[in-house]
> 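One structure, pasted below without further comment.
Lettering of chains follows the sequences in order, A, B, ..., and the numbering in each one begins at 1.
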Amino acid sequence: MGEMEKLRKEAESLKDQITAARKAVQDLTLQDHTSGTSVVGRVQLKIRKTLRGHLSKIYAMHWGGDTKLCVSASQDGKLIVWDTCTTNKVHAIPLKSSWVMTCAYAPSGNMVACGGLDNMCSIYNLKGKDGNVKVMRELAAHTGYLSSCRFISDSEIITSSGDCTCCLWDIETGTQKTIFAGHLGDCMSLGMAPDFNTFISGACDFTAKLWDIRDGQCRQTFAGHESDINAIGFFPNGNAIITGSDDASLKLFDLRADQELMTFQDSSIMCGVTSLAPSFSGRLLLAGYDDFNCNVWDTLKAERVGSLAGHDNRVSCMGVTGDGMACCTGSWDSFLKIWN
Amino acid sequence: MSGSTENEELPATQTGHKGVIHDWRRFKLESEDHDSIPPNKRELLRQMSNPKSRNEDKQEKVNRKMSMQEYEMIQEEDENCLRNYRKQCMQEMHERLSFGPTFDTVFELESGEAFLEVIEKEHCLTLVVVHIYDDGIKGCDALNNCLTCLAAEYPSVKFCRIRASATGAGERFSDDVLPTLLVYKAGELLGNFMCVTKHMNEEFFATDVENFLNEYGLLPEKEFAACPDEVENADVE
């Protein structure tokens, strides 16, 4: 038997062992376990505020740590920081490139970052001495579009890119500290663990990976989706992850059991999931779809319990605050709405 | 899977990162001068935009959303071209979503079958608002009048009303949950407001009902979004 053949057989046998190990710990399905749980009932959220100021489709938004401020990025080439209570614009930052795919607010509130088809992650200092917002760093090294970025602190940020890698950067020096390679397709989305020790990435190779930030290793890989994973996020307690895919479904994977617990799909939904956000308790899951619709799912029962932006499908992106008090949706008509 | 069951009304890849890539490709193909992009590059953009033609390339082990040649095409863009493109995008979306039948009155539904018919058979873009009422119940008359006003102001929404006794499910709509407002679109229940008048004052008008429905994002926007020609607020540089 040739060398390649031997290795192939070994890989197959390892895969079988993993599948068997996963099956062995699967003593119960989530659905059976929660069959006795009471239903959540219809969820009907109300619009509390409308944020007006952008001139074009909202591509991305992210809440700040204080849950009062948020940042949004639009096709009009601007990054706007909003005070969602007063609906005032705190900062309006012009961008060099209008093809922005992601934006992020640092937990400290001192910086925001964004990136897109320019392949770079631009960091802006909001607390400059003279009150002006300036570009602090341009993190350039990715050879593909910047799909997502999330701050660990004011000195470190993680990015995911269309070049199939994710990267940990030192913001001070503007250099790459760690490159996380392993995905076989464009990395579309990343999610930070609540303890900031690990992060997850979803890619166009239909898998999600859990990475250890300090040693750069991929700890776990989750397969199951039948198409690109566009959106990913941690379940609030950090023990599970949720993925949204072009196969029109969302999946809940448990980190400790190392397997899929639930799939959220409906035969009437035929377009891909492009954004997702769990509620604070995790009982509800908001999912944004490619046709601008936004559904609210009961996480435990995998049933749809509501829908946002009922009339015109308008939701192009969304996010839930850290304390779960509100959610924000961005639309193709340039408005952002705050709901709860 | 993406693009294989395409919705006739909306093209695929509108939102998320692929939405940005899709917008950029359209911009390159439609907005810029023909001369600035050589024909072979235009052909590449056209091919990459069509999800069906790309499926043949799945022989490759690595699943890439943008080709190296496209990355090379990304450059500083003309602000005027961009501005026109954005206006065009917004206009198209508004037109696409206002296409559909229009109405100007409140329709009286005579039976449970008529009720089901209106929920299931209306155009998938038409919002259907059904008022379940009964004679003698407080608020029903006033609500009917309000809806008649709104029916004239929102021609793309189909307002209907039906007597609780005519629904065939009279027991479900007992006096204490009336008036009830149900909102449907494409056969799906979007809003269910029992005893809807409890959310409003003793005396309420069409604008109160309008505001109530708007709070849940259920009525179409009356205003066209920010005009791109508006002078922007002073930027912090």
Side-chain angles (χ1 to χ4, degrees), chain A residues 42 44-47 52-57 59 75-77 89 91-94 98-101 116-118 132-133 144-145 147 162 164 184-186 188 204-205 226-228 230-231 246-248 270-272 274-275 288 290-292 307-312 316-317 332-335 337, chain B residues 1-2 5 7 9-10 12-21 23-24 27 61-66 71 74 76-77 82-83 86-87 89-90 93-94 97 125 127 157 183 185 187-193 214-221 224-228 230 232-237:
Chain A
R42 280 202 71 76
Q44 294 184 139
L45 299 180
K46 287 171 94 154
I47 297 172
R52 297 177 170 81
H54 275 300
L55 303 174
S56 190
K57 187 200 264 184
Y59 279 141
Q75 192 191 61
D76 65 7
K89 296 186 243 324
H91 301 286
I93 308 165
S98 28
W99 311 106
V100 54
M101 292 175 168
L117 287 185
D118 56 1
N132 290 334
V133 176
Y145 57 84
S147 53
C164 310
L184 294 176
D186 299 16
M188 292 304 260
C204 294
D205 59 4
E226 293 163 13
S227 188
D228 303 343
N230 298 318
D246 266 348
D247 65 11
M270 294 186 298
C271 59
T274 54
S275 59
D290 216 19
D291 61 355
F292 296 106
S307 135
L308 284 191
H311 170 256
D312 291 347
S316 52
C317 64
W332 56 259
D333 65 7
S334 83
F335 299 141
K337 293 199 166 26
Chain B
M1 183 93 193
S2 138
T5 41
N7 183 340
E9 274 96 18
L10 290 169
T13 59
Q14 301 279 315
T15 63
H17 314 94
K18 290 177 193 149
V20 181
I21 297 175
D23 288 346
W24 173 79
F27 173 68
K61 284 280 152 179
V62 184
N63 193 353
R64 305 302 301 276
K65 298 294 134 181
M66 276 183 73
Y71 276 112
I74 299 173
E76 221 31 66
E77 281 126 359
L82 279 172
R83 205 172 292 145
R86 289 169 202 148
K87 224 177 25 194
C89 281
M90 295 257 269
M93 282 306 291
H94 272 279
L97 289 167
L125 290 179
L127 193 77
V157 179
V183 185
K185 190 165 94 137
E188 233 189 279
L189 179 66
L190 296 177
N192 176 357
F193 307 102
N214 269 327
E215 273 193 310
Y216 290 90
L218 291 171
L219 285 176
E221 299 275 353
F224 187 65
C227 179
E230 263 176 33
E232 294 155 19
N233 293 333
D235 296 332
V236 188
E237 175 51 283

> Determine, step by step, whether K57(A) and D23(B) satisfy the salt bridge (charged side-chain N to carboxylate O under 4.0 Å, His left out) criterion, reporting the C-alpha distance in whole Å, the side-chain angles of both residues, the deciding distance to 0.1 Å, and the verdict.
CA-CA 10 Å; K57(A) 187 200 264 184; D23(B) 288 346; 3.0 Å; yes
> Once you measure the plane-to-plane angle for Y145(A) and Y71(B), does it fall in the parallel (<30°), tilted (30-60°) or perpendicular (>60°) bin?
parallel
> Checking side-chain contact (heavy atoms from CB on, under 4.5 Å) for the pair D76(A)/R83(B): CA distance, chi angles, key distance, verdict?
CA-CA 8 Å; D76(A) 65 7; R83(B) 205 172 292 145; over 6 Å; no
> Does some side-chain heavy atom of H17(B) sit less than 4.5 Å from a side-chain heavy atom of Y59(A)?
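Not touching, per the 4.5 Å side-chain cut-off.
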> Any heavy-atom pair between the side chains of V20(B) and V100(A) that's under 4.5 Å?
no
> Judged by atom type as modelled, is there a donor-acceptor pair below 3.5 Å linking the side chain of R64(B) to the main-chain atoms of C164(A)?
no
> Could you tell me whether D228(A) and K18(B) make a salt bridge, using a distance below 4.0 angstrom between a side-chain N and a carboxylate O?
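Result for this pair is yes, salt bridge flagged.
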> Going by side-chain hydrogen bond (donor to acceptor under 3.5 Å, both in side chains), name the residues that satisfy it together with T274(A), two or more places apart in sequence or in a different chain.
T15(B)
> Report the C-alpha separation of K65(B) and D186(A) in whole Å, then their side-chain angles, then the decisive distance to 0.1 Å, and conclude whether the salt bridge (charged side-chain N to carboxylate O under 4.0 Å, His left out) test is met.
CA-CA 7 Å; K65(B) 298 294 134 181; D186(A) 299 16; over 6 Å; no
> With a 4.5 angstrom heavy-atom cut-off, could you sort out which part of L45(A) is near chain B: side chain, backbone, both or neither?
backbone
> Can you tell me how far apart OH (Y216(B)) and NZ (K46(A)) are? Round to the nearest 0.5 Å.
4.0 Å
> Relative to chain B, which segment of S147(A) carries a heavy atom at a distance below 4.5 Å: side chain, backbone, both, or neither?
both
> Let me see the working for L117(A) and I21(B) under side-chain contact (heavy atoms from CB on, under 4.5 Å), right down to the final yes or no.
CA-CA 8 Å; L117(A) 287 185; I21(B) 297 175; 4.3 Å; yes
> Any side-chain heavy-atom pair from R86(B) and S98(A) closer than 4.5 angstrom?
yes
> My understanding is that only residues two or more places apart in sequence, or in another chain, count here; which of them pass side-chain hydrogen bond (donor to acceptor under 3.5 Å, both in side chains) with S56(A)?
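Result, side-chain hydrogen bond (donor to acceptor under 3.5 Å, both in side chains) vs S56(A): Q75(A).
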> Considering only heavy atoms from C-beta outward, does the side chain of L55(A) approach that of M90(B) to under 4.5 Å?
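SC-SC contact between L55(A) and M90(B) ruled out.
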> Using heavy-atom distances under 4.5 Å, tell me whether C204(A) contacts chain B through its side chain, its backbone, both, or neither.
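The answer is both parts of C204(A).
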